[in-house]
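Both ligands and their constituent atoms are indexed starting at 1 by order of listing.
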Amino acid sequence: MELRHLRYFIAVAEERNYTRAAERLHMAQPPLSRQIQQLEEMLGVELIEKGSRPLRLTEAGEFFLAHARTVLDQVRDLKAMTQRVGKLERKLSIGFVASTLYGELPDIVRRYSERFPEVEVTLHEMMTVEQMQALKEGRIDVGFGRLKSEDPSIRRILLRNERMVVALSPNHRLVERQGGLRLRDLVHEKLLVYPKSPRPSFADQVLAVLGEANVTPGVVTEVRELQIAMGLVAAGQGITIVPESVQAMHHRNVVYRPLEDKHAFSPILFGVRHMDRSPELGNLLAAVYSIYDDLGIAYTPETL
Ligand code: BEZ
C-alpha cells in the first residue's frame, strides 16, 4: 500500500462522490476508481458500500478513514520536523492568540531571546484553530492558544487558567455592583463575542461558560476581533467578556469587573506537534515557567 492510496481514499470518503474527488485530486475519474478498487483488493475488504449514492463507507471504511488521516498527519509532521532538524540555523516560529499579548507573552519572548540570542524568533498572530493547521504544516513550531482540541497529532500543555472578567462602559448599571459579578447578572445584556470566525473560537468558550450557568444573554453580537469588541464597549454598545490579562489594555471608556463564578476561566495552552521534542521548545517552556516563578503565578510543570 502506498501513501497515495490513503490520499485517494480520504478524498473519495470526504467528497462521497468519485467525480468530485477526482476533481479535487486533479486526476481523471477512471484511474481513481481503479486505485480504490486496488486498495480494497489489497486489504481484502470492502471500504465503500457497493451501489450506494452518495457513497457510504462500510464499518471497515470508517475505521480505515480515521487511521489513514492519522498516518498522513504523522507523515506531514515527520517531514516538517526532519526539515527542522536538518537546518543549521536555529529558528522558532510562535503562533499566538491576540489576548496573550496582554498577558505574559512579551516577557516570555524577551527572556527566551536574551537566553538564546542565536535562535531567530518570529511571532504570528492567529486563532487557535488556525494554529492547529499551521503546526501540522510546519509554518509554526508552537502555538499559544485557548481552546482544547482532540487532534491526536497535536499535544497541548495547560500553562494556566485565567479568570474571565467583564468589560463595561463606565456608566453601565453593573459597574456599581459590589463584590464582583456573576454570569447570571448578564442575563438581559447585549453581549459582544469575538472572534466571529474561524470557529470554534474564544466566542464559543464564552458562550459555553454562560450555557453551563444556564444564562442566555439578551442579545449576542459576534464581532471580528477583540479590539472591535472593546471599541464597541467603549461606545456603550454592549459588554464583552475577556481573559483578565486584557485589563492591561487601558481604555479611557472601559472598566473591568471580575466574574465570581467558579468555572469562568479560560485556559492558556502550549500546543506543539506530538513528536516534536526539539530543545527550542523545551527552552521556551522553561522560559514560561521562569516568568511564572518571578510573578508568583501557580502552575503544574510539564516536560516535553
Ligand atoms: C500567559 O499569560 O500566561 C502566557 C501568555 C502567552 C504565552 C504563555 C503564557
Which of the ligand 1 atoms, numbered from 1, are nearer than 4.0 Å to a heavy atom of Gly103: 2 (O)
Enumerated ligand 1 atoms positioned under 4.0 Å from heavy atoms of Leu159: 8 (C), 9 (C)
Would you say [X] and [Y] make side-chain contact, with heavy atoms under 4.5 Å?
X      : Y      : result
Ser201 : Met127 : no
Arg53  : Asn17  : no
Tyr256 : Pro258 : no
Gln133 : Met126 : no

Within-cut-off N or O pair, Glu104 and ligand 1, under 3.5 Å: yes
Quick one: does ligand 1 sit under 4.0 Å from the side chain of [X], the backbone, both or neither, non-hydrogen atoms only?
X      : answer
Leu105 : both
Tyr292 : side chain
Glu162 : neither
Ile297 : neither

Donor + acceptor pair across side chains of Thr58, Glu46 (<3.5 Å):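 No pair is found: no donor N or O on one side chain lies under 3.5 Å from an acceptor on the other.
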Distance from atom 8 (C) of ligand 1 to nearest protein heavy atom, with residue and atom: Ile108 CD1, 3.4 Å
Backbone N/O of Leu269 and side chain of Arg156: donor-acceptor pair under 3.5 Å: no
